[in-house]
Amino acid sequence: MKISMKVNGETVSAEVESRTLLVAFIREQLRLTGTHVGCDTGQCGACTIHMNGLAVKSCNVLAVQAEGADILTIEGLAGDEGRLHPMQEAFREHHGLQCGFCTPGMVMSAIDLVNNHPNPSEETIRAELDGNLCRCTGYHNIVKAVKAGAAYMRTPAP
Amino acid sequence: MHPFNYRNPKSVAEAAAALAEGGDVRLLAGGQSLIAAMKLRLSAPTDLIDLGGIGELTGIRVDGAGITVGAMTRHAEVARSKEVQAKIPALASLAGSIGDRMVRNMGTIGGSLAHNDPVADYPAAVLGLNATVHTNKRNIAADDFFTGMFETALQTGEIIVSVSFPVPRRAAYVKFRNPASRYAIVGVMAAASASGVRVAVTGAASCVFRVGAMEQALAAKWSPDALAGISVPADQLNSDMHASAEYRAHLITVMARRAVEAAK
């Protein structure tokens, strides 16, 4: 089947099987391997991307379901000359990662979280990140990073 | 996942026509259960009809009788709807407690109801709030809709179009989550409305069910204490590595008391 969608601002068209998962399309056909496959069962959140502005688990979505959609992956976050997105910057600054495998999903999920809760409490962050698992159990710094990232997103650097 | 033919109709009539062609056809709503099942080959349809492009299936409408939610409305939309929050806060908070934020951005009420997972939250809302399920063929009362584990009254060729919820006088949903999976080990919706009191339980048995003895006691007096001494027999309840049937029976009464307290 022929599908086309916008990925990180660019229109892409490709031939896929109907059973192709969105995450497989992103990683294997578009070669955007920043989006990770962790559990492949919709639980761990490592494959989180934004579809039409909303965070979804791309291992639990068919590529054909994203026909015409606006997709944002971790590769699409940074600005000009590699300037990090405020949430990425916060993860860097607060060392919100250990092995880094869950990080792309954490960052994409955290941005969606802040879009819905512009000034989240620690309790809100912990509750609303329940769809993202960090097997290093490095949650403490992740929560700190999300809180800082929320502040940076409210008042972007000049 | 096995290969399948994919179709993407633009109207309910078109979807119904595709469904009527027969074969091993499944409807794809948000896909948060179905795609996972297909990946495990627990489900292997030959044809998949995606309802995601059908505009008439989405949206939340408020009318005199209550709130009508389109079958393809995502959990997150119900959770953040100002209308639902104002008229039936228990429904908004229930929708906001399903799965996680990514699941809620994809999962739909129609998909959840048609799937009728024994631990799903929405069946408790539909049964507890005495909602009506509207399909492309008929209207089905909540009491007639859920017929067993993963089974409903839906017939071949039938598509859920919307669900209408009457506005209760008071209602609350409280669940005891599995600490790892976050699914409901027991979830209870307690509601009082003009048509009476309802107590609906999910997670505890093979299918959502009502607790008549609790409903009668709460109809006489809406108070957690009215439930003292009332429990559901354990012999019909699920028993697994997470909770024994006796523990679930105990939790039903505790969750029901908390729901009544929350719905004061």
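It should be emphasised that the depicted structure is a prediction, and the values quoted were computed from it without experimental measurement.
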Lys/Arg-Asp/Glu bridge criterion (N-O < 4.0 Å) met for B/Arg182, B/Asp100: no

Is a salt bridge present between A/Arg31 and A/Glu75, judged by a nitrogen-to-oxygen distance below 4.0 Å?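 Judged by the 4.0 Å cut-off on N to carboxylate O distance, A/Arg31 and A/Glu75 do not form a salt bridge.
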
In terms of heavy-atom pairs under 4.5 Å, which option from [options] contacts chain B the most?
options: A/Leu21, A/Thr41, A/Thr20; answer: A/Leu21
options: A/Gly42, A/Ala127, A/Cys59, A/Gly68; answer: A/Cys59
options: A/Asp130, A/Val64, A/Asn132; answer: A/Val64

Segment of [X] engaging chain A (4.5 angstrom heavy-atom cut-off):
X: B/Leu28; value: side chain
X: B/Arg74; value: neither
X: B/Leu34; value: neither

Residue pair B/Ala124 / B/Ala200: nearest heavy atoms and the distance that separates them: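 Residues B/Ala124 and B/Ala200, closest heavy atoms: O-CB, 3.7 Å.
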
Per-residue contact mode, [X] against chain B (heavy atom under 4.5 angstrom):
X: A/Met51; answer: side chain
X: A/Asp112; answer: both
X: A/Ser109; answer: both

Output, in order, the C-alpha distance, side-chain angles, deciding distance and verdict of salt bridge (Lys or Arg N to Asp or Glu O under 4.0 Å) for A/Glu89 and A/Arg92. CA-CA 5 Å; A/Glu89 181 57 35; A/Arg92 189 196 64 75; 2.7 Å; yes

To the nearest 0.5 angstrom, please state how far the CG atom of B/Asp47 sits from the CG atom of B/Leu27. 11.0 Å

Measuring from atom NE2 of B/His242 to atom CG of B/Asn178, what distance do you get when rounded to the nearest 0.5 angstrom? 5.0 Å

Do A/Glu17 and B/Tyr6 get their side chains close enough for a donor-acceptor pair, meaning under 3.5 Å? no

